[in-house]
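Have a look at the structure below before the remarks.
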Amino acid sequence: MSLSKLWDGLNESFDCLSSHFHSLSPNTQKFVITSAGLVTAYFATHCVKDYLHKQRLHEIVEKRQTERNESLRRADEFSRKITEARRNQISNMDFDTLLAALKSGEVKPTEALHTYQWKALQAHKRTNCITLFIKEADDWALQLEKSPPEPRPPLYGMPMSLKECVPVKGYDVTRGYVNECFMPSERDCVMVEQIKALGGIPFVQTNVPQCLLAYSCYNPIYGTTNHQDHKDRTSGGSSGGESALIGAGGSLLGIGGDVGGSIRFPCHFCGIAGIKPSHIRFSHRGVQGSVPGRPLINASDGPMAPDVHTCVEFLKATWSSHFIHERDPYTAPVTWNDKHFTKGNHFTIGYYLDDGWFTPTPALQRAVLESKKILESQGHVLVPFKPPRIKEAIAMFIGAVSVDGGRYLLEHIGNDLMDPRYKSLLGLYKLPFFIQDILRFLVQPIYPRLAHALTAMPRNTSELRKKYEAIEQYRYEYIEEMQKLGLDAILCPVTVTPAPHHEVPVKLFAVVSYTGVFNLLDFAAGTVPVTQVTKADDDALAGYPTIDPWYRLAKETTKGAIGLSVGVQVAAPPFREEVVLRIMQDLENHHKHTDY
Ligand SMILES: CCCCCC/C=C\CCCCCCCC(=O)NCCO
């Protein structure tokens with residue numbers, strides 16, 4: 001239609017409306033004018049309010065960015081308090097060497113801190129992983145130096161990084177929401193109390209995705225964190241600031257959090273190790289999750305590090321006493337069980353390459369097959385395992401994390417500045433249930449997996465109760481399958497792809513079946529790097545399924561990923577963290593002696 005025709009049409013309609021209006025009685029005309037005025041005033045007020053609110057949020061971001069720049073500048077100044085030669089010397093120490101040097105007095109806590117402030121800044125330049133440095137760290141290091149030489153606590157003077165949502169007194173837990181800036185925590189969470197009691201020095205906070213419910217890492221306050229070697233790929237999430245920092249050498253030990261893979265995705269993407277202990281063994285007290293109030297799918301905090309050995313040392317120290325249980329009696333008083341971790345222990349391990357819901361890309365399957373062979377050569381028994389009803393489990397997972405049909409998330413992001421990359425995910429949550437039903441019906445023939453995911457959201461408390469009942473049943477069904485085969489642990493892919501491009505994870509949430517199932521079960525689950533994507537893996541992608549948009553996206557983002565790190569996942573029932581770590585350590589020890 002030409003513009004002039006459109007204009008003529010509009011004029012005609014206006015004339016028609018105007019003649020109708022003049023044929024109305026004076027009172028009705030008054031009524032129409034008043035109503036139109038009120039509606040316009042309502043919308044105008046709404047627009048102005050919204051505009052002012054957004055303005056205020058932009059000002060908050062600006063203020064926080066200024067504060068962040070100052071924090072980075074200050075850390076840079078402090079990091080120059082030691083000579084370059086000394087810094088290089090400390091920089092080259094691994095976790096054990098540095099800890100021994102700290103304990104013997106050969107390295108002072110302030111020297112270790114200044115070295116890691118500098119290393120973290122270098123990592124930040126590559127990845128944009130830091131939110132704020134913790135300025136009190138310098139005083140804590142000095143206090144430790146002044147403490148009597150004996151006994152030295154287990155992590156004496158070790159600098160540690162923290163995912164931004166782990167509360168430290170005086171620092172925000174924004175979860176990427178601008179609205180939650182400048183609301184500092186009033187106290188340390190139990191985890192931070194524990195770290196300090198062990199002699200560790202929390203020195204820096206790291207970036208997260210807005211709302212925490214994503215395995216990518218960007219938000220409107222601190223921007224996008226990228227993989228240490230690939231600017232266009234994500235470092236993972238939600239503990240993606242941690243993985244980028246550690247992957248780039250800016251920290252030897254950090255704390256992440258995981259409700260659906262947020263420790264395991266980033267570790268796998270960035271080539272580092274990490275473990276999500278079962279929720280009932282490791283305190284989450286005081287830590288703000290993505291959607292609080294989900295009884296059957298809880299987040300766990302856990303260590304992330306360049307290697308498994310460091311995670312082991314941290315957890316051994318943490319579980320050497322009842323410190324956590326005394327402060328958080330909802331965790332079980334179970335201390336470190338060295339019997340389960342003893343070198344040479346042989347376990348029966350169920351393994352799978354494909355969970356039947358989402359086939360992993362070739363390198364991720366090869367990683368499991370190769371790990372199976374390594375573990376067999378070390379005396380473990382590997383048994384094929386088919387995880388029960390994963391298709392139902394993914395729906396249970398989505399339902400359990402979106403416990404209120406997505407309302408909490410919509411209210412939080414809807415009232416905040418939003419990175420546009422979240423639009424597609426929020427779009428799904430925004431759809432009224434009857435539209436979800438229509439969409440489900442329409443996409444069923446071409447996109448049956450999305451149709452299935454659209455059945456996941458509980459619509460009322462009765463459906464929610466049924467979800468919880470199903471999860472309780474599923475837990476025992478899974479355990480029973482393991483018991484039938486006499487399994488101690490499970491070996492499987494971490495996910496479907498190596499580190500994807502930034503915009504992929506929010507669209508590709510279905511791959512969470514590999515990690516989310518162990519949150520549903522509250523198992524201990526960890527990730528260890530075992531290989532890298534090869535040219536042969538890239539070539540083998542040609543045969544990868546393309547039957548729906550999720551498969552096509554997974555294939556597309558994996559193309560050309562040669563050299564990217566690939567991990568495997570090891571999991572075991574609650575209180576068997578030591579078994580998981582033993583298996584991960586056996587894999588790591590093998591790779592230490594071979595160049596993969
Ligand atoms: C109709 C379908 C709506 C889509 C629902 C998407 C639901 C789940 C996606 C989960 C992605 C989870 C990534 C990891 C999150 C995590 O572990 N966060 C830690 C928070 O402490």
Side-chain angles (χ1 to χ4, degrees), residues 162-167 173 175-176 189 191 208-217 234 236-243 255-269 274 276 279 282 284 286-294 297-302 304 358 393-410 413 422-433 435-437 439-440 443 447 449-459 494-496 500 504-520 525 527 550:
L162 302 175
K163 182 178 181 181
E164 195 247 25
C165 60
V166 176
V173 168
R175 297 177 296 163
C189 67
M191 177 67 331
V208 296
Q210 191 172 21
C211 87
L212 302 182
L213 207 61
Y215 62 94
S216 46
C217 196
T234 182
S238 56
S239 317
E242 276 304 309
S243 58
I255 299 293
D258 186 315
V259 81
S262 280
I263 288 179
R264 292 158 288 161
F265 279 110
C267 285
H268 155 63
F269 293 163
K276 165 202 98 63
H279 178 79
F282 204 68
H284 194 65
V287 182
Q288 182 77 287
S290 50
V291 182
R294 303 157 307 203
I297 183 133
N298 278 306
S300 310
D301 302 322
M304 298 166 69
F358 209 136
I394 179 99
M396 290 176 210
F397 173 84
I398 294 174
V401 291
S402 322
V403 61
D404 56 358
R407 208 161 148 184
Y408 180 90
L409 290 175
L410 286 175
I413 299 198
Y422 287 112
K423 262 191 187 148
S424 57
L425 184 66
L426 286 191
L428 279 177
Y429 277 127
K430 265 188 191 159
L431 294 179
F433 289 134
I435 306 269
Q436 285 189 23
D437 287 340
L439 184 64
R440 195 173 78 216
V443 299
Y447 205 167
R449 292 192 299 168
L450 177 63
H452 177 68
L454 286 167
T455 64
M457 218 84 84
R459 293 157 187 228
V494 187
T495 174
V496 168
V504 170
V506 286
K507 296 181 191 151
L508 204 58
F509 61 83
V511 302
V512 90
S513 58
Y514 287 89
T515 43
V517 67
F518 297 120
N519 297 82
L520 212 56
T527 304
W550 276 336

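What's counted below: heavy atoms across the whole structure, side chains too, no hydrogens, waters or symmetry copies. Order of appearance sets the numbers: ligands from 1, and atoms from 1 within every ligand.
- In this structure, a donor-acceptor pair under 3.5 Å is absent between the side chains of Lys507 and Ser424.
- Counted by atom type alone, Ser216 and Thr234 present zero donor-acceptor pairs between their side chains at under 3.5 Å.
- Put simply, the side chain of Phe269 does not reach to within 4.5 Å of the side chain of Val494, judged on heavy atoms.
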Residue pair Val259, Arg294: steps toward the side chain to side chain contact (heavy atoms under 4.5 Å, CB included) verdict = CA-CA 10 Å; Val259 81; Arg294 303 157 307 203; 3.4 Å; yes

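- Separation of atoms CG (Leu428) and CD1 (Ile398) is listed at 9.5 Å; rounding is to 0.5 Å.
- Separating the CD atom in Glu242 from the CD1 atom in Ile263 is a distance of 9.5 Å, to the nearest 0.5 Å.
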Name each N or O atom in ligand 1 that is under 3.5 Å from a protein N or O, and give the partner atom and the distance.
unit_1	atom_1	unit_2	atom_2	d
ligand 1	17 (O)	Val259	N	2.8
ligand 1	17 (O)	Gly260	N	2.7
ligand 1	17 (O)	Gly261	N	3.4
ligand 1	17 (O)	Ser262	N	3.1
ligand 1	17 (O)	Ser262	OG	2.6
ligand 1	18 (N)	Leu212	O	2.9
ligand 1	18 (N)	Ser238	OG	3.4
ligand 1	18 (N)	Ser262	OG	2.6

